[in-house]
**Q** 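This is the structure, below, for whatever I ask next.
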Amino acid sequence: PCAFFENLDDAANWNPLKKGVVKFLTMQDCKYCATYDIGRAAAIQLKDPQTWLGKTLDVIGWQGDLSQVAAALSRVSCVPVKAKLAMPIFLRRLFLKDLHHMFLYYEVNKGPRGTPEAFQKILPDALSAEDWFRFHGYYANGEKIAADV
């Protein structure tokens with residue numbers, strides 16, 4: 001698995017998406033995907049079981065660090081966006097042990113071996129960070145993300 005874009009707006013886990021800021025549990029380079037793309041990739045595989053039998057697919061729509069995520073949101077919203085940790089790393093390690101180890105997998109081992117370019121050969125319109133913010137459409141408070149131009 002790679003990091004889900006949906007975790008950038010996860011009010012249930014104390015990380016609502018707010019105008020001008022984007023938070024995550026790491027600032028480092030990460031591979032991301034939209035859960036929407038997981039479903040679309042599964043549909044491709046289910047429609048062609050002979051090709052996919054016994055094979056795996058790394059669903060990776062985009063790769064970048066949190067400052068690049070913030071830049072993508074800024075381009076979509078036309079609002080300056082700051083990148084911040086959702087919590088200090090020592091608290092992540094202390095209180096979110098499983099998630100901490102998952103992020104070490106992303107940070108130290110660089111996550112899944114696949115690349116966005118390889119996944120786009122299967123799903124050419126996989127969502128990038130900018131695409132996901134447009135697709136998601138709204139901040140946690142219901143305000144539209146995309147600037148009306």
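Sequential numbering from 1 along the given sequence is applied to the chain's residues. Nothing here was measured: the structure is a model prediction, and the numbers come from that model.
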**Q** From I44 CD1 over to L123 CG, what is the distance, rounded to the nearest 0.5 angstrom?
**A** 5.0 Å
**Q** Nearest heavy-atom pair of P112 and Y105: which atoms, and what distance?
**A** N-OH, 3.2 Å
**Q** Would you indicate whether D98, at its atom CG, is surrounded by more than 12 heavy atoms from other residues, nucleotides or ligands within a distance under 6.0 Å?
**A** no
**Q** Which value, rounded to the nearest 0.5 Å, describes the distance between D29 atom CG and Q68 atom CD?
**A** 6.5 Å
**Q** Is it true that E107 and R92 make a salt bridge, defined as a side-chain N closer than 4.0 Å to a carboxylate O?
**A** yes
**Q** Can you tell me if N141 uses its side chain to pair, donor with acceptor, with the backbone of E143 under 3.5 Å?
**A** yes
**Q** Could you tell me whether the side chain of Y138 reaches within less than 4.5 Å of the side chain of K144, counting heavy atoms only?
**A** yes
**Q** Roughly how far, to the nearest 0.5 Å, is CG of D65 from CE of M27?
**A** 7.5 Å
**Q** Which atom pair, heavy atoms only, marks the closest approach of C2 to K31?
**A** CB-O, 3.1 Å
**Q** Considering only distance and modelled atom types, tabulate donor-acceptor pairs under 3.5 Å from the side chains of residues 77-84, sequence neighbours left out.
**A**
unit_1, atom_1, unit_2, atom_2, d
S77, OG, L73, O, 2.8
S77, OG, V79, N, 3.3

**Q** Any side-chain heavy atom of L8 sitting closer than 4.5 Å to one from H136?
**A** no
**Q** Would the number of heavy atoms belonging to other residues, nucleotides or ligands and lying under 6.0 Å from NZ of K110 be above 12?
**A** yes
**Q** Between Q45 and T51, does a side-chain contact (heavy atoms from CB on, under 4.5 Å) hold up when you go through it step by step?
**A** CA-CA 8 Å; Q45 291 176 313; T51 298; over 6 Å; no
**Q** What are the two closest non-hydrogen atoms of L57 and W52, and how far apart are they?
**A** CB-CZ3, 3.9 Å
**Q** Considering non-hydrogen atoms only, spot the tightest contact between I145 and F133 and give its length.
**A** CD1-O, 3.8 Å
**Q** L127 and A34: which non-hydrogen atoms are nearest, and at how many Å?
**A** CD1-CB, 3.7 Å
**Q** Supply the atom-to-atom distance D131 CG to D37 CG, rounded to the nearest 0.5 angstrom.
**A** 9.0 Å
**Q** Could you tell me the separation between the CG atom of N7 and the CG atom of L99, rounded to the nearest 0.5 Å?
**A** 8.0 Å
**Q** side-chain contact (heavy atoms from CB on, under 4.5 Å) between K19 and Y139: does it pass, once the steps are laid out?
**A** CA-CA 7 Å; K19 185 185 271 188; Y139 295 105; 3.9 Å; yes
**Q** Checking Q63 against T115 for the side-chain contact (heavy atoms from CB on, under 4.5 Å) test, could you report, in this order, the C-alpha distance in whole Å, the side-chain angles of both residues, the deciding distance, and whether it holds?
**A** CA-CA 8 Å; Q63 183 172 348; T115 64; 5.5 Å; no
**Q** What pairs meet the ring pair (Phe, Tyr, Trp, His ring centres under 6.0 Å) rule with one or both residues in residues 16-35, with sequence neighbours excluded?
**A** F5-Y32, F24-Y32, F24-F103, Y32-W62
**Q** Assess whether a salt bridge exists between K121 and E117, defined as any Lys/Arg side-chain N lying under 4.0 Å from an Asp/Glu carboxylate O.
**A** no
**Q** Over all heavy atoms of both residues, which pair between L17 and D9 is shortest? Give the atoms and the distance, please.
**A** N-OD1, 2.9 Å
**Q** H100 and L104: side-chain contact (heavy atoms from CB on, under 4.5 Å), yes or no, with the steps?
**A** CA-CA 6 Å; H100 175 68; L104 290 179; 3.6 Å; yes
**Q** Drop me the distance from S128's OG to R134's CZ, to the nearest 0.5 angstrom.
**A** 7.5 Å
